Amino acid sequence: MNITIIGSGYVGLVSGTCFAEMGNRVTCVDIDPVKIEKLNKGVIPIFEPGLETMVLKNVKKNNLFFTTVLPKALKDSEIVFIAVGTPMGADGSADLQYVLAVAKSIGQSMQKRLVVVDKSTVPIGTADKVETTIQKELDIRNSDLQFDVVSNPEFLKEGAAIADFMKPDRVVIGTDSDFATDKMKQLYHPFCMSRDRFISMDIRSAEMTKYAANAMLATKISFMNEIANICEKVGADANQVRIGIGSDQRIGYSFIYPGAGYGGSCFPKDVKALTKIAKEYGCDSKLIIAVEEVNDAQKLVIAQKIVTRFGEDLTGFTFGIWGLSFKPGTDDMREAPSIYVIKELVSRGAKIKVYDPKAIDEAKEHYLKGVLNITYADSKYDVLKDSDALVLLTEWKEFRSPDFEELQNQLKSPIIFDGRNQYNTFKLEEKGFEYYQIGKK
Ligand SMILES: NC(=O)c1ccc[n+]([C@@H]2O[C@H](COP(=O)([O-])OP(=O)(O)OC[C@H]3O[C@@H](n4cnc5c(N)ncnc54)[C@H](O)[C@@H]3O)[C@@H](O)[C@H]2O)c1
């Protein structure tokens with residue numbers, strides 16, 4: 001099939017590449033000329049395991065193309081995906097300007113019947129807006145071209161995006177068009193060979209499914225973080241409680257790790273957007289509002305532990321930090337807890353030395369740009385020398401089992417603040433460390 005993907009970020013680039021991998025002819029479009037130039041030179045603008053190899057392979061096979069010119073891409077396409085960002089607007093709701101700008105461009109450029117698929121995470125009712133916007137442009141052109149609008153929310157996880165896309169748990173398709181359903185079934189068939197993963201529903205339910213899924217996962221995280229904070233006060237160990245409750249199949253082990261709060265490009269903005277959607281429709285989403293409030297507070301729990309240990313004024317103290325990205329396997333720092341912790345410590349006069357395997361450029365160029373008193377290190381052990389404590393904020397594999405002797409020798413004092421509860425089985429206290437974790441005194 002000939003496919004166009006509009007928006008070549010995490011979702012667009014991964015989806016386009018995986019569709020190309022299955023033998024489709026895919027053109028990825030983006031308005032960012034620098035991004036497209038890089039992609040055309042074989043430079044992948046994001047870090048995602050396995051992506052580079054797959055992109056280069058499919059470009060070589062003439063299955064995958066990159067351009068800024070939409071009409072050229074649409075000329076032979078039968079399906080076009082909208083995969084642009086839907087960032088948080090000023091009032092917290094999803095900003096639809098990019099999605100609707102793309103819909104307008106599609107209406108202006110399409111030359112044959114198209115299935116228009118919304119893969120961006122969008123508020124309920126957006127498909128109607130996309131349809132109206134495209135139709136308006138076709139009316140201006142006096143064109144009677146047909147098109148169908150489909151909602152196909154994306155559930156990939158950054159860091160495991162290729163695997164998630166190639167073997168999805170489910171493919172949710174919202175549409176009332178049999179023509180579009182057939183096209184989508186053909187497109188996704190190669191990804192669902194072992195069992196049927198295709199779930200068809202109406203458009204609004206598909207749009208809502210994405211928000212409900214993210215809100216549920218965020219709720220699990222905030223629930224466990226709240227339990228962890230209670231554990232700490234009552235003298236329980238949140239990690240043992242996690243194992244105790246996770247063993248119940250109805251609860252399960254995933255997404256109940258106490259930690260420094262969720263970040264990333266999806267949960268924070270989608271949880272916020274869902275509360276806005278609910279409010280717009282007169283619903284009082286008490287639970288989802290609380291999920292967000294718990295998370296906002298959780299991002300600063302580690303900083304508070306540091307303040308309790310070292311004092312309100314951190315002038316003269318240096319903290320070595322491991323981890324910047326919001327989770328391992330990605331260079332994405334959107335809403336990462338590290339941003340909040342580092343800014344809080346620096347605002348109290350502390351100096352920071354930080355190492356992350358992939359996200360240092362992101363920090364320097366965007367998320368910590370202009371923040372003073374930060375030194376970026378080339379290796380994890382480089383941050384230790386002259387640091388008063390080590391603070392762990394992202395659970396990269398290379399941090400899982402460090403050389404604790406080296407930590408002891410290099411740090412000014414053997415103190416660890418573990419924002420990811422990674423070291424609770426290492427009996428660090430017996431090794432002479434002062435060890436602080438989430439959900440344990
Ligand atoms: N990142 C994830 O893990 C993830 C997972 C599931 C769903 N989503 C959703 O998918 C959508 C995209 O997310 P992302 O993380 O890929 O965003 P992103 O910011 O990484 O990429 C968006 C891309 O769209 C481009 N763009 C903007 N306007 C354009 C236009 N008019 N024409 C062409 N390109 C344009 C931007 O230049 C950018 O490259 C969002 O709605 C997000 O919520 C993201």
Side-chain angles (χ1 to χ4, degrees), residues 4-18 27-39 44-49 51 66-74 80-89 93-109 116-123 126-127 130 133 151-165 168-172 206-207 209-215 217-218 262-274 325-327 329-336 362 366:
T4 294
I5 311 269
I6 308 178
S8 306
Y10 282 86
V11 166
L13 187 56
V14 170
S15 314
T17 307
C18 292
T27 306
C28 292
V29 181
D30 206 285
I31 39 164
D32 181 346
V34 178
K35 191 174 269 190
I36 292 299
E37 198 186 325
K38 275 188 181 173
L39 285 162
I44 313 302
I46 52 169
F47 172 72
E48 185 59 45
L51 182 61
F66 302 104
T67 181
T68 53
V69 187
L70 179 63
K72 198 173 105 192
L74 281 188
V80 56
F81 280 85
I82 303 174
V84 295
T86 44
M88 203 187 286
S93 49
D95 183 349
L96 283 180
Q97 63 167 308
Y98 306 103
V99 169
L100 296 179
V102 167
K104 189 173 176 184
S105 307
I106 293 172
Q108 289 167 341
S109 319
V116 180
V117 186
D118 195 354
K119 203 167 237 329
S120 300
T121 303
V122 289
T126 301
V130 166
T133 306
S151 167
N152 170 218
E154 182 50 55
F155 298 99
L156 62 76
K157 301 184 286 296
E158 286 177 22
I162 297 280
D164 285 348
F165 201 93
D169 290 333
R170 77 290 213 194
V171 175
V172 171
E207 289 172 335
T209 297
K210 176 64 189 174
Y211 282 108
N214 277 358
L217 295 170
Y262 59 75
S265 64
C266 293
F267 289 0
K269 81 170 172 61
D270 293 348
V271 167
K272 176 67 117 188
L274 185 54
S325 57
F326 84 94
K327 67 173 181 180
T330 178
D331 59 354
D332 198 341
M333 277 188 68
R334 288 179 273 190
E335 294 295 323
E362 281 294 296
H366 303 291

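Please read these numbers as outputs of a predicted model, since none were measured by experiment. Numbering of ligands and ligand atoms starts at 1, following listing order. Nothing fancy with the numbering, it's 1 onward along the sequence.
Residue Glu48 does not touch ligand 1, judged by heavy-atom distances below 4.0 Å. Counting heavy atoms closer than 4.0 Å to ligand 1, residue Ser265 contributes side-chain atoms (C-beta onward) but none from N, CA, C or O. With a 4.0 Å cut-off on non-hydrogen atoms, Leu70 does not touch ligand 1 at all. If you look at Val84 next to ligand 1, the close heavy atoms, those under 4.0 Å, come from the backbone and the side chain alike. Here Ala83 has backbone heavy atoms under 4.0 Å from ligand 1, and that is the only part of it that gets that close.
A 4.5 Å side-chain heavy-atom check between Lys210 and Phe155 finds at least one atom pair inside the cut-off. Side-chain contact between Val130 and Val122 is absent, with no heavy atoms from C-beta onward closer than 4.5 Å.
Around the OH atom of Tyr98, the shell of radius 6.0 Å holds no more than 12 heavy atoms that belong to other residues, nucleotides or ligands.
On a distance-only criterion, Glu154 and ligand 1 share no N/O pair closer than 3.5 Å. At least one N or O atom of Asp30, backbone or side chain, sits closer than 3.5 Å to an N or O atom of ligand 1. Residue contacts with ligand 1: Lys35 is placed with a nitrogen or oxygen under 3.5 Å of a nitrogen or oxygen of the ligand (distance criterion only). Geometrically, ligand 1 and Lys269 share a nitrogen or oxygen pair separated by less than 3.5 Å. Not a single N or O atom of Ile6, backbone or side chain, sits closer than 3.5 Å to an N or O atom of ligand 1.
Atom 9 (C) of ligand 1 has Thr121 OG1, 3.4 Å as its closest protein atom, hydrogens excluded (heavy atom only). The nearest protein atom to atom 8 (N) of ligand 1, hydrogens excluded, is given as Val11 CG2, 3.5 Å; this is a heavy-atom distance. In terms of protein heavy-atom proximity, atom 19 (O) of ligand 1 is nearest to Arg334 NH1, 3.6 Å. Looking only at heavy atoms of the protein, atom 22 (C) of ligand 1 is closest to Gly85 N, 3.6 Å. Of all protein heavy atoms, the one lying nearest to atom 41 (O) of ligand 1 is Thr86 OG1, 2.6 Å. Gly7 CA, 3.4 Å is the protein heavy atom nearest to atom 24 (O) of ligand 1. Given atom 28 (N) of ligand 1, the protein heavy atom at minimum distance is Ile31 CD1, 3.5 Å. In terms of protein heavy-atom proximity, atom 1 (N) of ligand 1 is nearest to Glu158 OE2, 2.8 Å.
A donor-acceptor pair is defined here as one N or O able to donate and one able to accept, closer than 3.5 Å; such a pair exists between the side chain of Thr4 and the backbone of Ala73. No donor-acceptor distance shorter than 3.5 angstrom exists from the side chain of Glu154 to the backbone of Ser120, with no hydrogens or angles considered. Glu48 contributes no side-chain N or O that, together with a main-chain N or O of Val14, makes up a donor-acceptor pair within less than 3.5 Å. At least one donor-acceptor pair under 3.5 Å links the side chain of Thr86 to the backbone N or O of Thr121. Under a 3.5 Å cut-off, the side chain of Thr67 and the backbone N or O of Val69 do form a donor-acceptor pair.
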Inset, instruction - Please step through salt bridge (charged side-chain N to carboxylate O under 4.0 Å, His left out) for the pair Lys272 and Glu335, ending with a clear verdict. - result: CA-CA 13 Å; Lys272 176 67 117 188; Glu335 294 295 323; over 6 Å; no

Legend entry - Val29 vs Thr68, side-chain contact (heavy atoms from CB on, under 4.5 Å): CA-CA, chis, key distance, verdict: CA-CA 5 Å; Val29 181; Thr68 53; 5.8 Å; no

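The distance from ligand 1 to the heavy atoms of Val102 drops below 4.0 Å at these ligand atoms: 30 (C), 31 (N), 32 (N).
To the nearest 0.5 Å, atom CG of residue Asp30 and atom NZ of residue Lys38 are 12.0 Å apart. To the nearest 0.5 Å, atom CG of residue Leu156 and atom SG of residue Cys266 are 8.0 Å apart.
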